[in-house]
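Beneath this line is the structure, given in structure tokens, with notes to follow.
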There are 4 protein chains.
Amino acid sequence: MKIGKQSAPYQSICTSNPETIIVRGHDLVDGLIGSVSFTEYTWLLIAGSLPDAKQRRILDATLVAIAEHGLVPSVQAARMTLAASPEAIQGAVAAGLLGCGSVILGASEAAGRFFHEIVVESEEKSASLTDAAEFVVRAYRAERRAIPGYGHPLHKGRDPRAERLLALAEDTEVSGTYCQVAKAVEAVLPDIVGKALMMNVSSAIPCVLLDAGYPLLALKGVPLLARTAGLIGHLLEEQTRPIGFIMSHAAAAAIEYDGPAPDGFVANEN
Amino acid sequence: MKIGKQSAPYQSICTSNPETIIVRGHDLVDGLIGSVSFTEYTWLLIAGSLPDAKQRRILDATLVAIAEHGLVPSVQAARMTLAASPEAIQGAVAAGLLGCGSVILGASEAAGRFFHEIVVESEEKSASLTDAAEFVVRAYRAERRAIPGYGHPLHKGRDPRAERLLALAEDTEVSGTYCQVAKAVEAVLPDIVGKALMMNVSSAIPCVLLDAGYPLLALKGVPLLARTAGLIGHLLEEQTRPIGFIMSHAAAAAIEYDGPAPDGFVANEN
Amino acid sequence: MKIGKQSAPYQSICTSNPETIIVRGHDLVDGLIGSVSFTEYTWLLIAGSLPDAKQRRILDATLVAIAEHGLVPSVQAARMTLAASPEAIQGAVAAGLLGCGSVILGASEAAGRFFHEIVVESEEKSASLTDAAEFVVRAYRAERRAIPGYGHPLHKGRDPRAERLLALAEDTEVSGTYCQVAKAVEAVLPDIVGKALMMNVSSAIPCVLLDAGYPLLALKGVPLLARTAGLIGHLLEEQTRPIGFIMSHAAAAAIEYDGPAPDGFVANEN
Amino acid sequence: MKIGKQSAPYQSICTSNPETIIVRGHDLVDGLIGSVSFTEYTWLLIAGSLPDAKQRRILDATLVAIAEHGLVPSVQAARMTLAASPEAIQGAVAAGLLGCGSVILGASEAAGRFFHEIVVESEEKSASLTDAAEFVVRAYRAERRAIPGYGHPLHKGRDPRAERLLALAEDTEVSGTYCQVAKAVEAVLPDIVGKALMMNVSSAIPCVLLDAGYPLLALKGVPLLARTAGLIGHLLEEQTRPIGFIMSHAAAAAIEYDGPAPDGFVANEN
């Protein structure tokens with residue numbers, strides 16, 4: 001059954017024969033294994049050509065920034081899943097990644113699209129980045145959409161990871177339009193929202209990556225790849241010092257049943 | 001409800017307060033972001049301390065070796081999933097990773113455990129690695145278990161990626177017991193199995209990593225992390241040059257229905 | 001770390017003690033197992049009370065209608081995943097469900113929300129359902145949003161499953177506002193879109209369910225639950241008559257590499 | 001690339017043309033939608049023919065028995081995933097199902113295989129079911145394998161759900177060899193293990209299903225399908241009364257960091 005209107009049966013990432021594997025035009029064995037870092041290879045796979053030293057450094061920094069932040073929901077889901085299904089580590093990693101959605105780790109991608117709207121607005125209307133930022137922020141507010149990448153439940157000032165990424169983009173001279181946009185949004189937010197909302201790591205990641213030339217449509221790949229590394233660390237620990245069911249027990253104990261029950265029924269789930 | 005017997009409510013990977021995030025004892029912002037590569041950080045997250053230059057190079061090489069091999073089943077599953085569910089890239093990555101199981105990408109882990117059995121056998125019986133390899137291979141055969149990491153449907157000689165990884169382990173002087181074991185298995189296989197089965201990438205990855213000091217229980221993390229990078233490249237391409245439904249159409253056309261049908265029914269699904 | 005603003009630590013689905021399990025106020029063992037069908041129990045879990053005979057019949061019919069349609073992408077993804085990871089049937093089911101997204105099986109949910117917008121529009125403006133349908137369809141077109149639940153790549157007239165569900169809703173006297181809305185949309189589409197787009201199963205499912213009193217926010221559950229049954233059938237067959245890699249081989253063969261390659265390189269992946 | 005040795009490109013579940021969809025030989029629209037219950041259809045999809053009244057009743061009862069048991073790990077993982085990724089209900093369901101593994105819901109399948117080993121042992125050695133049960137239980141103990149389906153952290157006597165399923169199998173005259181085997185295991189366990197381990201729901205489900213003629217290789221489908229219904233109920237509630245992050249907060253608070261930290265560092269993650 002034909003679904004959709006796809007008509008170009010091509011891919012341009014990898015081809016091979018029994019002797020040789022070609023990735024993005026490079027010979028995998030002779031030109032890449034042992035010669036390039038995993039970060040450089042990731043950039044090649046995604047962007048189609050090898051990164052320069054600045055691009056590599058920015059991608060490394062963003063991956064390091066977002067890989068790990070303790071027992072967040074996606075890590076908990078992964079560790080509980082491994083406790084229940086120790087035969088399938090891939091299932092536990094998958095369960096963790098499924099929580100990298102619009103509310104939590106997906107904010108990097110949403111912030112990237114948001115910054116891109118501001119850049120397009122600025123170009124189309126020949127407006128300053130600040131005016132364009134104000135216009136787009138007000139439009140989001142009018143549609144009751146959250147401003148992605150600002151504010152953090154734990155870090156009340158600017159998220160220190162964001163600060164570090166912006167400084168690195170300055171140091172490496174990568175910082176450009178998108179970093180300016182991110183700061184312009186931070187500047188206009190207090191007037192519009194009524195309180196300061198500082199940049200968090202999810203706005204810093206897209207602005208430094210986009211300024212470095214990383215593709216907009218692959219932004220979500222950065223938290224997903226980074227978090228996979230974090231999950232693997234946690235799942236190794238879960239095999240040797242399991243806490244999945246301890247966390248599950250505490251989580252269940254925090255919630256009370258308030259539905260109907262027969263007369264005289266006394267809950268006792270512990 | 002208490003499930004299982006977990007009793008130590010601890011983790012040792014990450015802690016934080018509003019100013020500082022500590023990962024494995026390091027200050028994330030001051031000591032890691034912008035200072036270490038993603039590969040070094042991954043080693044830190046998994047092994048608990050930063051790698052030396054050789055360890056980093058081996059981990060980089062194994063990740064590069066296994067990240068991409070064209071339109072394999074896990075990539076197809078991911079691209080079809082994105083075509084059907086474009087709102088959730090994380091779901092497409094998860095679908096792809098779920099195919100990293102015992103038959104395909106999980107062979108690295110299985111081969112690592114298999115090599116470890118041989119090392120233990122050799123130590124416990126004070127046997128040579130070759131004798132221990134022969135003993136364990138015969139035991140696997142007796143239980144009709146596959147020998148993980150040998151033979152490849154495409155590469156008839158030794159998988160060139162395996163060759164490259166072994167050479168790199170030699171060059172960096174990482175090569176040790178596990179590489180010897182892997183070659184010992186290759187040497188004893190023809191006599192036992194009746195044909196040559198050469199090392200493929202899934203036996204080379206664990207032997208060079210284990211010789212470098214990478215933890216046995218985290219071996220599956222390497223193909224999972226590597227493949228995540230490959231999947232992100234494919235999912236970016238799927239957004240701009242979609243082939244998910246083309247592949248699905250071809251896959252369905254390759255299979256015929258041979259169940260019962262009413263008289264006169266003519267299938268026509270295209 | 002506190003994320004979000006959740007403040008009511010309650011659930012009202014299930015509670016228990018060592019002797020008794022209470023589900024939605026019913027004693028599971030004494031009142032439900034052996035007494036109610038799985039479909040009735042599903043309605044109870046979702047809607048909070050047991051269905052009447054008409055509600056049960058409509059839910060049964062929609063689940064039966066959507067559970068199986070041959071080797072669609074989600075089934076292919078699941079069968080390929082099981083072929084690669086036979087140790088984890090749950091992973092193969094999960095991979096299949098991840099393809100129940102906005103483009104394919106998720107259309108039931110999207111159509112339900114779309115019909116609900118029309119009902120609200122009609123009520124707020126005291127407009128006829130037809131006028132409200134026309135208004136909302138035009139609004140969708142203006143925003144270039146697809147009209148969910150109309151047209152089908154295989155069935156050119158009205159999808160016979162849709163026809164059957166609508167007839168059943170008539171026969172059981174469940175048919176009401178939402179079925180009228182669904183037909184009103186079908187009636188206004190030719191003028192607006194320029195061609196007939198007939199109801200498919202994804203518009204029929206939500207209109208008969210919503211008329212029966214099924215909750216709007218749980219609509220996606222119907223294709224997900226139904227498809228799980230279909231996947232289990234396919235995964236049983238995959239264990240005894242495997243086709244996952246045959247499909248994967250055909251899918252790969254349908255796609256050509258059009259990226260760069262070294263001079264003289266000849267691809268040969270078969 | 002050819003992987004594996006699959007050579008029969010056939011499936012026997014579903015075929016179609018633009019007018020008709022055939023499932024297991026039946027016309028979906030004319031013969032199934034509105035005529036059979038979802039449980040009967042599930043049996044048809046899995047077993048290849050429609051069930052009789054007893055088979056339907058047993059499958060209904062097992063699905064009802066296992067669908068819901070409060071805030072168990074898989075439900076927590078699903079609710080946390082939806083809180084983080086509200087755009088993808090299918091991802092939350094998938095995350096929940098990934099926790100249906102060997103330790104928790106997968107025990108039904110493991111118990112089924114275990115019972116099957118006992119039946120085969122009895123047949124091959126012309127031994128009584130009790131002797132065969134004792135032999136296989138001792139073999140499991142010798143290999144330090146858990147006996148699947150006996151004992152429960154909450155229910156200290158026989159799990160009331162198991163009791164109910166066994167009684168239903170008696171009442172419907174379905175009870176046969178597999179139910180005898182399950183009880184024989186319960187009888188021999190105290191002597192071998194040193195304490196009573198009573199049947200739980202995961203041993204009752206496979207014995208009544210296998211006696212009813214349900215296929216051994218599809219046993220895991222029953223908890224997976226059942227749990228999908230439970231998850232949909234919880235995910236509807238999560239949309240209107242969210243507790244995902246409350247549970248996550250409590251789970252994190254139950255675990256302490258015991259890794260290294262800089263002098264003077266004070267954790268404060270709340």
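Below, read A as the first sequence line, B as the second, and so on, with proteins coming before strands; counting in each chain starts at 1.
Here the closest heavy-atom approach between residue C:Q90 and residue A:S85 is recorded as NE2-OG, 3.6 Å. Across A:A254 and C:P9, no two heavy atoms sit closer than the pair O-CB, 3.4 Å. Here the shortest heavy-atom pairing between C:N268 and A:P18 reads O-CD, 3.7 Å. Listed here is the closest heavy atom pair of C:T15 and A:A267: OG1-CB, 3.2 Å. What you find for A:G25 and C:P262 is that their closest heavy atoms are O-CD, 4.2 Å.
Evaluation of the side-chain hydrogen bond (donor to acceptor under 3.5 Å, both in side chains) rule for A:H26 yields no partner, not counting sequence neighbours. For the side-chain hydrogen bond (donor to acceptor under 3.5 Å, both in side chains) test, no residue two or more places apart in sequence or in another chain qualifies with A:R141.
Rounding to the nearest 0.5 Å gives a distance of 6.0 Å between OG1 of A:T20 and CZ of C:F265.
For chain A, the nearby part of C:L98 is the side chain; its heavy atoms alone come within less than 4.5 Å. Of the two parts of C:A94, neither the backbone nor the side chain holds a non-hydrogen atom closer than 4.5 Å to a non-hydrogen atom of chain A.
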